[in-house]
Amino acid sequence: MKTLVLQGIDTLVADGTLPEGLETRAVSVEPPRDPAHGDMATNAAMVLAKPARKSPRDIAAALAEVLAKDPGIANADVAGPGFLNLRLDPSRWFSIIPAVIAAGTGFGRSEMGQGQRVNVEFVSANPTGPLHVGHTRGTVFGDTLSNLLAFAGYDVTREYYINDGGAQVDVLARSAYERYREANGLEPEIAEGLYPGDYLIPVGEALKEKYGDSLIDQPEDKWLAELREFATEMMMDLIRSDLALLGVKMDSFFSEKSLYGSGRIEEAVESLESRGLIYNGVLEPPKGKKPEDWEPRPQTLFKSTEYGDDVDRPLKKSDGSWTYFAPDIAYHYDKIQRDFDMLIDVFGADHGGYVKRMKAAVAALSGDKSVSLDIKLVQLVKLFRGGEPFKMSKRAGNFVTLRDLLDQVGPDETRFVMLTRKNDAPLDFDFDKVTEKSKENPVYYVQYAHARACSILSRARDENMETSDEALAGADLSLLGRDAEMRLLRKISEWPRHVELAANHHEPHRISFYLYDLASEFHALQHQGKLEEEHRFVRPDAPDLTRARLALVRASMVVISTGLGILGVTPMEEMR
RNA sequence: GGUCCGUUAGCUCAGCUGGAUAGAGCGCCGCCCUCCGAAGGCGGAGGCCAGAGGUUCGAAUCCUCUACGGACCGCCA
């Protein structure tokens, strides 16, 4: 459609109506908000008016004349300050239905990504226990974004960064050791600061199986390293199975620990050093507050301010060991070297202060390749139960694991609801509302539309009508044309556009909102059949009309099911 | 002191890389089932898009400042 408009502009340039060399990038061709304005509208005349030194309405009129000659365009009207409203020939609209049916769940797939390699890092929870609700949103977001990008033609790798290098893994090992003692009939001493969770009991038992009682009363240095590894392995198995419950499968797990002692961190830091971005210095104390124990200490610093950060960031602690930032730099350096074109990190909003420095590091390390890094911050989920805030605390032991959540809510509802907000807006998650089966609950609303469509097709089969895709694709669609039908058709045709917008912005929630709108048009159309019998989809007395309507139903169903597929939600065929 | 995010209907939120009269759900007021699934549909009331400047033919959208809310700001990951 846009190319048609651009061609029209070229024609006008050729015949001298418009000067040459105009910038047409700002020209947009979009469906107008108000359908009364036509099927498509372009701002071309207004954008071009100034450089062409002509009045927008004159340009629009000339363009209208050219475009009206195209057989696909029924008419072109100039409106308002210079909008050009185009009404398409109905046949052009109808042609989308057989296209959808033929493409099936491939409809809307885009080549936008051109096979570019994208690494999406998400979850990356510490390997010290099961996933809890706090991890859910980022997990769903990352996985859905990955689905979306794959659908838009990117080559996607889902990656989990295992934080198995830090002090929290020592804590894990010590906690596991107590459970190991417990398995050997001793009283565990879960000291303050250790992980008290029951999920470590099986780890203790597995340790007994492996080591018997040989580690009892041994000093820590005899077992710490081994238990770190052992317990981390078991925790990652646990996490993998938690992810599977949500339908998430990572392509790759990257161990932080593997960076230590391999020279990889040093290599990354040297790369920065060779660009003159490393120095030894003393940071200013943070302003506005007065830390009591502040004293200036020299540290190894990364000049992230050269890339837009506010202050330079330390790579080494004052005792000479690495800060957490150093291995993270090495990790991203590794991703760059693995030849990704685009990196996406999904973090919790509390990591906001981390964004600039990481972008600075990636910008510095990627050099000429200029690998892009997008960091998506996912805001908190506030839990509610029956409208009341639901507080949880690790201390009281009442924090909700992902597994607990899925016992009560189910993966489909969880995934959909987690995507009903922009990632950077907080989300209210009410245990009771998400399982409610009503219009208030978008999951059911969309599912219901799909189930209804299934039901209509099966109803048609009861009337001995053919509902195969082949039969429907051959329907005489010119029998359609009612307002509600055209609205639904228009919505269906918007699907590929929404896919590209969502993929471009890295905003999977747009898919949920689109599906809600689509379902809404479908319900509205369906309802007309309730009011007037002649508007029913299935009309045994009018087989050709029925076939055309069923084709529309089928196309709606295909798009809903495709969209739900991207969200990782199973479309339901019935909802009893 | 600084950074990031947010501020749109009574409430919870969408709003397309600037477009025409700013949308949806809930709540409120009405209406619609002798069933193609009411788990639904239709209508009504309800807006200074936080405020002030700026850019533009045109701003909820872009820029600057201000106010308010949240997150973060050296050795914890």
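Below, chains carry the letters A, B, ... as their sequence lines are ordered, and counting in each starts from 1. Side chains are part of it too, since the values below use all heavy atoms of this structure and drop only hydrogens, waters and symmetry mates.
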Nearest-angstrom distance from the residue atom [atom1] of [X] to [atom2] of [N]:
{"X": "A/E574", "N": "B/rC36", "atom1": "CD", "atom2": "C1'", "value": "16 Å"}
{"X": "A/K530", "N": "B/rU34", "atom1": "NZ", "atom2": "C1'", "value": "12 Å"}
{"X": "A/H505", "N": "B/rU17", "atom1": "NE2", "atom2": "C1'", "value": "5 Å"}
{"X": "A/Y516", "N": "B/rC26", "atom1": "OH", "atom2": "P", "value": "6 Å"}
{"X": "A/R421", "N": "B/rU12", "atom1": "CZ", "atom2": "P", "value": "10 Å"}
{"X": "A/Q528", "N": "B/rG40", "atom1": "CD", "atom2": "P", "value": "18 Å"}
{"X": "A/H450", "N": "B/rG37", "atom1": "NE2", "atom2": "P", "value": "15 Å"}
{"X": "A/D517", "N": "B/rG40", "atom1": "CG", "atom2": "C1'", "value": "17 Å"}

Whether [X] contacts [N] is assessed here as follows: a side-chain N or O lying under 4.0 Å from the phosphate OP1 or OP2. Is that the case?
{"X": "A/K422", "N": "B/rC13", "value": "no"}
{"X": "A/R452", "N": "B/rA38", "value": "yes"}
{"X": "A/K433", "N": "B/rC11", "value": "no"}
{"X": "A/K317", "N": "B/rC76", "value": "yes"}
{"X": "A/Y444", "N": "B/rG37", "value": "no"}

Please determine, for the side chain of [X], which listed nucleotide ([options]) has the closest atom?
{"X": "A/E507", "options": "B/rC36, B/rG37, B/rG15", "value": "B/rG15"}
{"X": "A/Y448", "options": "B/rG37, B/rU17, B/rG6", "value": "B/rG37"}
{"X": "A/Q299", "options": "B/rC36, B/rA14, B/rG74", "value": "B/rG74"}
{"X": "A/H351", "options": "B/rA77, B/rC5, B/rA14", "value": "B/rA77"}

When we call it a touch if two heavy atoms are under 4.0 Å apart, what does [X] touch: a base, just sugar-phosphate, or nothing?
{"X": "A/N126", "answer": "sugar-phosphate"}
{"X": "A/L531", "answer": "sugar-phosphate"}
{"X": "A/P442", "answer": "nothing"}
{"X": "A/R459", "answer": "sugar-phosphate"}
{"X": "A/Q526", "answer": "base"}
{"X": "A/S455", "answer": "base"}
{"X": "A/Y324", "answer": "base"}
{"X": "A/N85", "answer": "base"}
{"X": "A/A41", "answer": "base"}
{"X": "A/R313", "answer": "nothing"}
{"X": "A/Y354", "answer": "nothing"}

Walking RNA chain B from its 5' end, the first of A/G529 and A/H509 to be reached, judged by nearest nucleotide, is A/H509
Could you check A/A451 against A/H527 and say which one's nearest nucleotide on RNA chain B is further toward the 5' end?
A/A451
Any strand: nucleotide that pairs with [N] via Watson-Crick or wobble, under 3.5 Å:
{"N": "B/rC11", "value": "B/rG25"}
{"N": "B/rC68", "value": "B/rG6"}
{"N": "B/rG30", "value": "B/rC42"}
{"N": "B/rC49", "value": "none"}

Given the side-chain rings of A/F384 and A/F431, with only the six-membered ring counted for Trp, is the space between their centroids under 6.0 Å?
no
Can you say whether a donor on the side chain of A/D424 sits under 3.5 Å from an acceptor on the base of B/rA71, or the other way round?
no
Could you classify B/rC33 for me, syn or anti, using a glycosidic angle within 90° of 0 as syn?
syn
If only side-chain N and O atoms count, and only distance matters, is there a donor-acceptor pair under 3.5 Å linking [Y] with [X]?
{"X": "A/R461", "Y": "A/T467", "result": "yes"}
{"X": "A/Y448", "Y": "A/R452", "result": "yes"}
{"X": "A/Q528", "Y": "A/R482", "result": "yes"}

Is any side-chain heavy atom of A/L564 less than 4.5 Å from a side-chain heavy atom of A/F416?
yes
Would you mind checking if A/R313 and A/D309 are paired as a salt bridge, meaning a charged N to carboxylate O distance below 4.0 Å?
yes
Would A/F83 pass as stacked on B/rA20, i.e. its ring centre under 5.5 Å from the base's six-membered ring centre and planes under 30° apart?
yes
Charged tip of A/K317 within 45° of A/W322 ring normal and under 6.0 Å
no
Between NZ on residue A/K359 and OH on residue A/Y307, distance to nearest 0.5 Å:
15.0 Å
